[in-house]
Novice: 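Let me give you the structure first, and then I'll get to my questions.
Each ligand, and each atom within it, is numbered from 1 in the order the structure gives.
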Amino acid sequence: MRKQNPKSYEYIESLMMPESALMGTARSHAKDLGLDAISVSQTEASILKFLIGANGCKKVVEIGTLTGLSALYILEALPADGRLWTLEKSAEHIEKASDVLAEEITKGRCVIVGGDALEKLPTLNSAGPFDAIFIDGNKAAYLKYFDWALENVSAGGLILVDNIFLAGAVWGDQTLQRFNEKQILNVQTMNKKAFTTEGLSTTIIPTSEGLLVCKKN
Ligand SMILES: C[S@@+](CC[C@H](N)C(=O)[O-])C[C@H]1O[C@@H](n2cnc3c(N)ncnc32)[C@H](O)[C@@H]1O
């Protein structure tokens with residue numbers, strides 16, 4: 001769980017209801033994989049859920065499933081007839097997420113799309129436009145994911161992108177975590193594009209990771 005502002009996150013989370021048993025399973029699967037640090041925190045997940053719910057979203061795409069934790073939060077925000085397509089390339093992660101999301105998959109509310117997201121995204125075009133697109137996959141592909149999202153988000157829909165600070169690397173600080181030039185340039189370009197594209201209202205929620213929030217007018 002990412003907590004670079006431990007006190008504020010601790011305080012916010014002390015006010016929240018505990019996470020569900022399934023969310024706990026998603027977190028322990030991520031821990032087993034040694035990847036619990038890259039799952040959304042409860043605070044970040046609650047922001048995601050709030051935005052998707054408040055915007056009345058029904059059809060959502062997520063890029064980067066990991067063990068299904070953020071997917072569970074998104075699904076909680078959707079109506080009974082809502083649907084989430086979540087894309088993941090790692091077979092190991094898909095196995096863990098399939099366990100956590102089994103009930104939602106059976107109900108037809110969730111589809112895990114296996115494979116490289118850049119190859120798989122075009123296969124979803126015919127199911128769109130989508131009311132929200134949450135980008136949390138390969139950082140070096142963020143700009144391409146964002147371009148796909150611009151084409152496939154509905155009018156009034158949201159594009160949400162996690163980790164857009166790259167642990168400070170977007171403003172030149174590489175002390176916390178090292179990112180390569182391609183990743184940094186990619187995310188910097190996407191962030192600028194988000195603020196300069198006509199027909200988009202954009203802001204950044206300054207979580208420790210940085211959450212880019214765009215609404216198509
Ligand atoms: C930060 S984690 C996602 C965390 C998840 N959204 C959560 O909070 O529960 C990023 C995920 O993206 C996946 N990923 C990385 N590159 C990918 C690609 N090219 N296509 C699809 N998934 C990819 C990784 O395997 C990893 O599971």
Novice: Quick check: Asp116 and ligand 1, any N/O pair under 3.5 Å apart?
Specialist: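 Yes.
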Novice: Counting N and O atoms only, with roles assigned by atom type, does the side chain of Gln183 sit under 3.5 Å from a partner on the main chain of Ala140, one being a donor and the other an acceptor?
Specialist: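 Not confirmed, Gln183 side chain does not pair with Ala140 backbone.
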Novice: Using the side chain to side chain contact (heavy atoms under 4.5 Å, CB included) rule, pick out the option among Asp162, Leu166, Val161 that qualifies with Ile164.
Specialist: Val161
Novice: For ligand 1, which atoms sit closer than 4.0 Å to a heavy atom of Ser70?
Specialist: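 Going through ligand 1 atom by atom, the ones under 4.0 Å from Ser70 are 5 (C), 6 (N), 7 (C), 8 (O), 9 (O).
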Novice: Is the shortest side-chain heavy-atom distance between Leu121 and Lys144 below 4.5 Å?
Specialist: no
Novice: Determine whether the side chain, the backbone, both or neither of Thr67 has a heavy atom under 4.0 Å from any heavy atom of ligand 1.
Specialist: neither
Novice: If we only count N/O pairs under 3.5 Å, is Gly137 in contact with ligand 1?
Specialist: no
Novice: Below 4.5 Å, heavy atoms only, C-beta onward: do Glu209 and Val40 meet side chain to side chain?
Specialist: no
Novice: Any N/O of Ser90 closer than 3.5 Å to an N/O of ligand 1?
Specialist: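 For ligand 1, there is no N or O atom that lies under 3.5 Å from one belonging to Ser90.
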Novice: With the side chain counted from C-beta on, respond yes when Tyr142 and Asp136 share a heavy-atom pair under 4.5 Å apart, and no when they do not.
Specialist: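 In contact.
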Novice: Please verify whether a non-hydrogen atom of Gly115 lies at under 4.0 Å from ligand 1.
Specialist: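 A heavy atom of Gly115 does come that close to ligand 1.
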Novice: Can you find an N or O of Ser39 that's nearer than 3.5 Å to an N or O of ligand 1?
Specialist: no
Novice: Between ligand 1 and Gly64, is the shortest N or O to N or O distance under 3.5 Å?
Specialist: yes
Novice: Is Asp136 close to ligand 1, meaning an N/O of one under 3.5 Å from an N/O of the other?
Specialist: yes
Novice: Output yes when the distance from some N or O of ligand 1 to some N or O of Phe134 is under 3.5 Å, and no in every other case.
Specialist: no
Novice: Go through the steps to decide whether Arg27 and Asp36 satisfy the test side-chain contact (heavy atoms from CB on, under 4.5 Å), and finish with yes or no.
Specialist: CA-CA 6 Å; Arg27 285 202 189 280; Asp36 46 323; over 6 Å; no
Novice: Does Glu44 reach the main-chain N or O of Ser41 with its side chain, forming a donor-acceptor pair under 3.5 Å?
Specialist: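 At least one qualifying donor-acceptor pair exists.
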Novice: Could you name the option among Glu209, Lys89, Glu88 that has the heavy atom nearest to atom 25 (O) of ligand 1?
Specialist: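 Minimum heavy-atom distance to atom 25 (O) of ligand 1 goes to Glu88.
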Novice: Does His93 reach ligand 1 with a nitrogen or oxygen that is under 3.5 Å from one of the ligand's nitrogen or oxygen atoms?
Specialist: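 The answer is yes, given that His93 and ligand 1 share an N or O pair closer than 3.5 Å.
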Novice: Hey, is Tyr145 touching ligand 1 through its side chain, its backbone, both or neither, going by heavy atoms under 4.0 Å?
Specialist: side chain
Novice: Between Glu88 and Thr65, is there a donor-acceptor pair closer than 3.5 Å when you use the side chain of the first and the backbone of the second?
Specialist: yes
Novice: Name the option, out of Leu35, Val113, Ile38, that contains the heavy atom nearest to atom 1 (C) of ligand 1.
Specialist: Ile38
Novice: May I ask you to check whether Lys215 and Asn55 show a side-chain donor-acceptor distance below 3.5 Å?
Specialist: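 A pair is found: one side chain offers a donor N or O, the other an acceptor, under 3.5 Å apart.
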